[in-house]
Amino acid sequence: MPWSYSPLRRRLRHSGLWPESRIARAAWYSLGLAVVLFVLAKLLEWIAPPWGGSIGWWVKFLVLDAAALFAIVAFRWAKKKILWRLRNRLIVTYVFIGVIPVVLLIGLAFITLYLFAGQFASFVVTSEIDSHLRRLEAVNAAISNELAARIEHGQNPTAESLAGLRKRDHAWQRRQVCAWYATKALPLCSGTQGESLFTFPAFVTGTFREIVRDQSELHLRVATILPLGPEKLAVVTTEPLDKELIGKIASSLGEITLYAAGIQNARPALPGNGGATTISEESASKEKQSKSQTSSSSEPDQVHGVVIQESASGVEVQGGRPELHPTFTVGTLPDSTNSLDREITFGTPLPVVDWKTGERERAGALVRVMTRPSVLYGHLFAALGDFATGVEYILLAVGIFFAVIELVALITGWRLTRTVTGAVAQLYEATQHVNRGDFSHRVPVQSKDQLAELALSFNSMTASIEKLIIEQKEKQRLENELVIAQEVQAQLFPRQVKELESLEVHGFCRPARTVSGDYYDFLTASSHKLILAVGDISGKGISAALLMATIHSAVRAYSVESLPQMREPLAVGAVAGSGRMMVTWPEGAEVSPSALLSLLNHQLYESTPPEKYATLFLAIYDGRSHQLTYSNGGHLPPLLIGEDGSLRRLEAGGTVVGLFDNMSYEEGSAEMTPGEIFLAYSDGVTEPENDFGEFGEERLIDLVRENRHLPLPQISQIVTTAVDDWIGDNEQPDDVTLVLARAR
């Protein structure tokens, strides 16, 4: 048995385990090949170990490849299973449209707040340093003015205000003030470590206020230049940028670490470290602990966009910049006030000017701040006082308001999704019922929206289909009955005609619908007499067919052989009660076409509705005398077409039968010569129309004349074909009936 038709494959396909896609087949092939190579590698390890090791790499590659392909197949399978339901699709859509953007916005807000908080923390440090420089600048300007006044008055250039500052303010014990007049240093420089003169650089030509690197140390330094006649007075105030100064800032902020480049007053490195640092053991342990909380020891720190890498010589700034060494760490990280009061680590570079060269380094030093949002909040709203609590409540109210809006949106989206998917699920269930042929199922409607209108439309559709099916069954039943009626009616038309030696006959009838209202018949009255009957019933369909059957049975019942001839129809019967006519033919009388029409007229008048009537032509042909005796009850006059093309109409008779009572009909006769054709037809032959008008009697006569020597069935076929061509693709408007007879 071929594998494609094996029972195993059919079972696997039915259970969904058979790999249909190329990726699934490739995954199984990779896994199977990996298993084969794994077994081969184990065998080669015993025989040829080097070969086994080389195959092992292929096994790993194939396993990874199979795992990746199976992951893709699993993702597709999960996607197909999960997203098959419309509810899951809408939920996923809502998550991507409504939830993920909110999460991204919240994440962006937290990142922005973190960056803002870090930047604000750095701003606090830099603003404090700048404020300190401004205060130094103000005092330095006052000392400069005092010295300038003394020099102008020829007094000793000393600053008495400086001595007072050092007595009142301990900070001035660690600051140095130096002055130069006419490039000559004045005996003013002094400090806690005694006199420490430093050169005045030529690049300072005006007001100067910067962080400088001098003698491998960082200082806050300000300078003021005052013109005194042809010379200049320069006063410089400096203060070390050390732990004491930064510690005052860190006392109200958190932990601050200063990184600097080119500082040589660092403590020798610990054994095994090889780096230079002035960080104390306690500070080093705190910094190490904080680093372990924020990042892995093997990963570089990133502070304010500057990547620093701890190395044997300190901290190396990546990107070709000078090395930054951790100079010192001051302050402690405050305790968190709540779960949201997380640690914030941020840094900012400090511009440093080299006092010898005047070169300005934008990242000559770096300050890293570790603090918490609660501390920054206190600094930010310190000026508001008690009003800060109100701001907290306002922010809390706004956050709660937004959270409520998001919650309402989620609930609304969930309810709308459930409504939509519930309606779709009900419609799907309804289609399953319809698929099983159950059209009585209805979708429950519980809302007033477009989905409810769709459910109502579906219910209306199923009700209409159910009604149509019932009507279709009824129509099928009627069609079956019509088929039976057609078969019964076909039995009424003469199937085998016993022709006379001197007359050949042919009849044709094609209904416009299933059954016909036209009538023709051939009855043998004797060995040399033949009765011809042609009629057309008013209307179409079943009613016309029933009336046709009535006339057929009546003609056959009244056409009794060897009856005396009756020329006065009114004398052959008398009305005996309502709706019945008692007929008593005199013994030995023959059938008379006119008398027979009178009897049929009375019977149809009594037994049919007023609007029902028929046209009927009756004739008796005598083969011995070639005489045709006839009477026409409102039918289209039959024609006699001679060998020479001459034409005679058989018009004797009266009106239609069944419309008026007590009617008498004339009777006529005509002798048929050999070769002469008798032609009787219904209006279904001459009245069909197209764009050129009706088919017409003249066209019918011309066709019969041209083909009068052909057999009668062939003449009938030529006429009906011409009628069909005239009608074209249009529906046949009426029954087509044609009766031909030819004398021999």
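The shown structure was predicted, so the numbers you read here are calculated from the model rather than taken from an experiment.
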Does Glu471 have more than 12 heavy atoms from other residues, nucleotides or ligands lying within 6.0 Å of its CD? yes
*Do the side chains of Asp661 and Glu606 get nearer than 4.5 Å, heavy atoms only?*
yes
Just wondering, are more than 12 heavy atoms of other shown residues or ligands nearer than 6.0 Å to CD in Gln717? no
Heavy atoms of Gly517 and Ile537 approach each other most closely as O-CG1, 2.7 Å
When rounded to the nearest 0.5 Å, the distance separating CG of Leu740 from CG of Leu710 is 11.5 Å
> Do the side chain of Glu429 and the main chain of Val443 share a donor and acceptor less than 3.5 angstrom apart?
Replying inline: no
(Q) Less than 4.5 Å apart, side chain to side chain, heavy atoms only: is that true for Leu659 and Val656? (A) yes
- Query: How about Phe458 and Val434: do any of their side-chain heavy atoms sit closer than 4.5 Å?
  - Reply: yes
| said: Donor-acceptor check, side chain of Tyr519 to backbone of Ala545, threshold 3.5 angstrom: yes or no? | reply: no
OH of Tyr681 to CG of Leu679, rounded to nearest 0.5 Å, is 7.0 Å
* To do: Start with the C-alpha gap between Val657 and Thr615, add the side-chain angles, then the distance that decides, and say whether side-chain contact (heavy atoms from CB on, under 4.5 Å) holds.
  => CA-CA 6 Å; Val657 295; Thr615 63; over 6 Å; no
field: Beyond-backbone contact of Glu694 with Pro688, side-chain heavy atoms, under 4.5 angstrom
entry: no
Q. Would you call Asp65-Lys60 a salt bridge at under 4.0 Å N-O?
A. no
In this structure, OG1 of Thr550 is separated from CG of Leu600 (nearest 0.5 Å) by 10.5 Å
Check: In this structure, are over 12 heavy atoms from other groups packed under 6.0 Å from Asp725 atom CG?
Finding: yes
* Arg556/Asp521 salt bridge by N-O under 4.0 Å criterion -> yes
Note to self: Apply side-chain contact (heavy atoms from CB on, under 4.5 Å) to residues Leu31 and Val63 and explain how you reach the verdict.
What the structure shows: CA-CA 6 Å; Leu31 183 61; Val63 169; 5.5 Å; no
Looking only at heavy atoms, the pair that brings Val723 and Gly684 closest together is CG1-O, 4.3 Å
Between Ser682 and the options Asp734, Thr737, Leu636, the side chain to side chain contact (heavy atoms under 4.5 Å, CB included) test singles out Thr737
Nearest heavy-atom contact between Leu604 and Gly658 is CB-CA, 3.7 Å
Any side-chain to backbone donor/acceptor pair from Trp28 onto Ile23? Under 3.5 Å, distance only. no
When every non-hydrogen atom of Ile344 is compared with those of Pro373, the smallest separation belongs to CD1-CG, 3.6 Å
Ring centroids only, cut at 6.0 angstrom: are Tyr520 and Phe493 within range, meaning strictly under it?
yes
**Prompt:** Is it true that Glu466 and Arg442 make a salt bridge, defined as a side-chain N closer than 4.0 Å to a carboxylate O?
**Reply:** yes
Angle between ring planes, His441 versus His433, binned at 30° and 60°: parallel, tilted or perpendicular? parallel
- Examine distances only and state if a side-chain atom of Ser460 and a backbone atom of Leu456 form a donor-acceptor pair shorter than 3.5 Å. no
- Item | Verdict with supporting geometry, Leu33 and Tyr29, side-chain contact (heavy atoms from CB on, under 4.5 Å) | CA-CA 6 Å; Leu33 185 58; Tyr29 292 153; over 6 Å; no
Would you call Glu687 and Phe695 a side-chain contact if the rule is heavy atoms closer than 4.5 Å?
no
- Parallel, tilted or perpendicular: which fits the ring planes of Trp58 and Phe61, with parallel below 30° and perpendicular above 60°? perpendicular
Would you say the side-chain atoms of Asn435 pair up with the backbone N or O of Thr431, donor to acceptor, closer than 3.5 Å?
-> no
_Within the supplied structure, the quantity of interest is the number of heavy atoms (other residues, nucleotides, ligands) at a distance under 6.0 Å from Tyr613 OH; does it exceed 12?_
no
In this structure, CZ of Arg372 is separated from CG of Leu340 (nearest 0.5 Å) by 12.0 Å
Below 4.5 Å, heavy atoms only, C-beta onward: do Ile727 and Pro733 meet side chain to side chain? yes
Q) Has Glu698 got more than 12 heavy atoms of other residues, nucleotides or ligands less than 6.0 Å from its CD? A) no
Of all heavy-atom pairs linking Ser516 and Cys509, the shortest is OG-SG, 3.4 Å
query: Would you find more than 12 non-hydrogen atoms of other residues, nucleotides or ligands less than 6.0 Å from Arg22 atom CZ?
result: no
Next on the checklist: I'd like to check Leu712 versus Val505 (side-chain heavy atoms, cut-off strictly below 4.5 Å). Are they in contact?
Outcome noted: no
Here the gap from Met461 atom CE to Leu454 atom CG, rounded to the nearest 0.5 Å, amounts to 9.0 Å
Q: Mind running side-chain contact (heavy atoms from CB on, under 4.5 Å) on His635 and Val534 for me, showing each step along the way?
A: CA-CA 8 Å; His635 197 73; Val534 181; 3.6 Å; yes
Nearest heavy-atom approach of Phe508 to Ser716 is CB-OG, 3.5 Å
The reported gap from CD1 in Ile469 to CD in Glu474 (rounded to nearest 0.5 angstrom) is 14.5 Å
Does Leu547 reach the side chain of Thr608, with side-chain heavy atoms less than 4.5 Å apart?
yes
